[in-house]
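Okay, so here's the structure we're looking at.
Below, each value reflects all heavy atoms present in this structure, side chains not excepted, and no hydrogens, waters or symmetry copies.
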Amino acid sequence: MHVFFSGIGGAGLSALANLSLDLGFIVGGSDRENNPSIEILNKRGAGITTTQTGGGLNLVHRNQHIDLFVYTSALPKDHPELMKATELGIKTTKRDGLINFILDEYDLKLLAICGSNGKTTTTAMMTWLFKQFQIPGCHIIGSNMSWTPSGQYEEGAKWLILEADEYDRHFLNYTPNAVIVTSIEYDHMDIYPTEKEYFAAFNEFVSRSDLTVAFDKDIEKIGLNKWQTEGEGDAKIWLLKREFGGKPAVFKDYTLLGLHNRHNAAAAHTMFTKIFDKDELSAKVEDVLNQFPGTGRRMEKLAERIYSDYAHHPVAVKATIQLAKEISDKLVIVYQPHQNSRQVEVFEEYKDVFEGIDKLYWTPTYLSRENPDLEIITPFQFVASLSNKEIGEPAGLDDILWDRLKEWHSKGYTLVFFGAGNIDGWLRKMILQDPI
C-alpha cells in the first residue's frame, strides 16, 4: 500500500509514517519545512518534499499510484494538496482512518492514553514497559525519543499503544479496549466552546472502553460512576471495568522527578499489571518505571542546567515548575504561550503559576489557527496579571534575551524554556551558535 502523508513532519503523522514503514507500506509525504522527524523518515526511505502546491502529489501519483492520502487536522479544507488528492480520486483521511485500518488488518487491541496533559509521557511509559518486559508491541507517540522510534510495529504485537488526542475530537474516531486518563483540564476552546462539551467528549470516549485507569478528580469532571478505588490520597487510582474484579494495588515508591510523572507512572503501572493480569509483576514494574529515560521536549536537558519543555497550558506549566524545583531552587523561566485564542480563555489561570521562581521572561504568543476577531494579548498584559508580577519581564526571542540568560546561568541558575511553538528551535540554535 502506498500512503502519502500531508504534514508528515508533525508529531502525530511522523509517528504513524514510521509505523507504516515497519508494516512494509510505501511512504511519501510533504511538509512546509524540514525538521528532525522528516530527516529520520528520509533515512528510512520515505520520499518527502517541502512543496505543497499539489503538483508534487500529482507527479508522485502518476509514477506510483497513491492508495491513501493522510492529512493532519491542521490542514484547511482548501489546501492545494487535499484538493488535488480529491481531484485525482485518491481516498483521503485524517490519521484515524489509517490507524483503524491497521487495527483491523493486524488484529490489534487498542490501548489509548488520553488527557489534557501527560499523554505523551504516559504513552512512552507504557511503551517502555512493553520493551523492558520483552512484549512485542506497536506504538504511536507524539515525540521523538532516544530509545525508540516515535512510531513502531513489532512482529507478534497484540496491542497498539496510542497517544489519543482530543483536539478536533480525534479520539472519538476510535473504540478502545483499554484507556488511561492522565489529567483533564478544559482546553481547545476552538473545538469545544464550553467546558461541558469538553468533558462530555472524554465521557463518551472512556465509556467505550472495557478497562480504564484514571484519577478520581478527573472521573468527577467527566461524570462517570461505578468506579473501584485503588490507593489513597493524591495517588488514588480509580479502576473501571464493566465487570468489576481484581485486587487493589497501591504504588508509592517512585523516584521519578515531578509529582505529575509519579502519577503518570502509577497509572501506567496499574494498566500494565491489569491487562496482563499479573499482580506479581508489581515490584518489578515499579523498578522498570523508575528507570524510564523520558521523552523529547518533556523537561529535556539540552545542556548543563538548561531544559526545554513542551508545556503551554497553565496547569502543565505549574506541574513542570514543581518538577524543576526538585532539580534546582534557583530557577529562571522563559515562557512562550501558544495560540492567542487559547490564551484569551486561560488568561486568569496564570495568576499563581510562576510562584517560587526567581525570574520570568514572557515572550510573545506563538500564533496558530487564530480567531481574527480577538485582540492579541501582549507579554506586558500577561506579566501585569501575575500575583508576583515583580519577577516578570516581557522579552523577545533574540540576542538581548540570550545575553541576559547567559548572565543568570553564570551565577548558577537553572534555565527552563516552555512552549509548543518555535521557542525550542530557537533555544537549540542559540546553544549551537553561542554556547553558555
Side-chain angles (χ1 to χ4, degrees), residues 1-8 10-29 41 46 65-75 77 81-82 85-86 89-115 119-120 122-124 126-127 130 136-143 149-181 188 191 200-212 242 271 275:
M1 185 162 77
H2 186 185
V3 186
F4 187 97
F5 296 87
S6 185
I8 196 169
L13 288 195
S14 61
L16 183 53
N18 271 304
L19 188 152
S20 298
L21 286 167
D22 287 344
L23 293 172
F25 298 171
I26 300 168
V27 170
L41 289 166
H65 177 83
I66 297 172
D67 299 291
L68 189 63
F69 177 91
V70 181
Y71 60 99
T72 171
S73 295
L75 209 70
K77 293 180 180 179
E81 279 194 332
L82 180 56
T86 303
I90 303 170
K91 184 178 180 181
T92 65
T93 180
K94 296 180 183 179
R95 63 186 186 273
D96 57 273
L98 179 55
I99 291 172
N100 278 322
F101 169 80
I102 291 169
L103 286 168
D104 292 339
E105 188 74 10
Y106 294 89
D107 194 24
L108 297 168
K109 294 181 180 180
L110 178 60
L111 167 54
I113 291 82
C114 67
K119 293 187 293 291
T120 299
T122 309
T123 307
M126 286 302 307
T127 301
F130 270 64
C138 178
H139 66 261
I140 297 174
I141 308 172
S143 178
S150 58
Q152 186 178 46
Y153 173 82
E154 294 178 319
E155 195 67 38
K158 301 297 182 185
W159 287 88
L160 168 58
I161 307 168
L162 174 69
E163 180 177 342
D165 189 4
E166 76 276 17
Y167 182 74
D168 200 25
R169 302 182 186 270
H170 175 78
F171 64 170
L172 295 181
N173 294 302
Y174 304 109
T175 301
N177 301 89
V179 168
I180 294 176
V181 182
H188 301 305
I191 301 297
F202 279 93
N203 184 308
E204 181 180 346
F205 183 61
V206 168
S207 296
R208 299 174 182 178
S209 176
D210 295 319
L211 170 67
T212 299
R242 291 202 174 134
M271 180 60 76
I275 61 176

(request) May I ask you to decide if Lys119's main-chain N or O and Thr122's side chain share a donor-acceptor pair within less than 3.5 Å? (result) no
(message) If we ignore hydrogens and angles and just use 3.5 Å, is the side chain of Arg95 paired with the main-chain N or O of Phe5 as donor and acceptor?
(response) no
For [X], check side chain to side chain donor-acceptor pair (under 3.5 Å) against everything at least two apart and list the hits.
X      : answer
Asn203 : Ser207
Ser143 : none
Thr123 : none
Thr120 : Glu163, Arg298

Side-chain contact, heavy-atom cut-off 4.5 Å: [X] with [Y]?
X      : Y      : value
Glu81  : Phe4   : yes
Tyr106 : Cys138 : no
Asn173 : Ile99  : no
Ser6   : Leu82  : no
Asn100 : Thr93  : no
Pro136 : Glu155 : no
Val3   : Asp67  : no

Run the ring pair (Phe, Tyr, Trp, His ring centres under 6.0 Å) test against [X] and tell me which residues pass, sequence neighbours left out.
X      : answer
Tyr174 : His170
Tyr167 : His188
Phe202 : Phe171, Tyr198

Tell me every residue that passes side-chain contact (heavy atoms from CB on, under 4.5 Å) with [X], counting only those two or more places apart in sequence or in another chain.
X      : result
Lys109 : Trp159, Asn177
Ala15  : Ile140, Ser150
Ile26  : His2, Gln64

Spacing of [X] atom [atom1] and [Y] atom [atom2] [to the nearest 0.5 Å]:
X      : Y      : atom1 : atom2 : answer
Leu75  : Thr92  : CG    : OG1   : 10.5 Å
Met271 : Leu111 : CE    : CG    : 5.5 Å
Thr127 : Gln152 : OG1   : CD    : 9.0 Å
Leu68  : Ile90  : CG    : CD1   : 9.5 Å
Leu98  : Leu16  : CG    : CG    : 4.5 Å
Phe69  : Thr86  : CZ    : OG1   : 8.0 Å

Closest approach of [X] and [Y], non-hydrogen atoms and distance?
X      : Y      : result
Val27  : Ser20  : CG2-CB, 3.8 Å
Ala17  : Leu41  : CB-CD2, 3.8 Å
Leu172 : Ala201 : CD2-O, 3.5 Å
Ala157 : Tyr153 : CB-CE1, 4.1 Å

(request) Please list all pairs passing the salt bridge (charged side-chain N to carboxylate O under 4.0 Å, His left out) test where one or both residues lie in residues 13-28, with sequence neighbours left out. (result) Asp22-Arg44
(request) List the steps and the verdict of side chain to side chain contact (heavy atoms under 4.5 Å, CB included) for Thr175 and Leu110. (result) CA-CA 8 Å; Thr175 301; Leu110 178 60; over 6 Å; no
(request) Begin from the C-alpha positions of Phe130 and Glu154 and carry the test side chain to side chain contact (heavy atoms under 4.5 Å, CB included) through to its verdict. (result) CA-CA 11 Å; Phe130 270 64; Glu154 294 178 319; over 6 Å; no
(request) Would you please name every residue forming a salt bridge (Lys or Arg N to Asp or Glu O under 4.0 Å) with Asp168, sequence neighbours left out? (result) Lys94
(request) Quickly, which of Val181, Val179, Ile180 forms a side-chain contact (heavy atoms from CB on, under 4.5 Å) with Ser209? Name it, please. (result) Val179
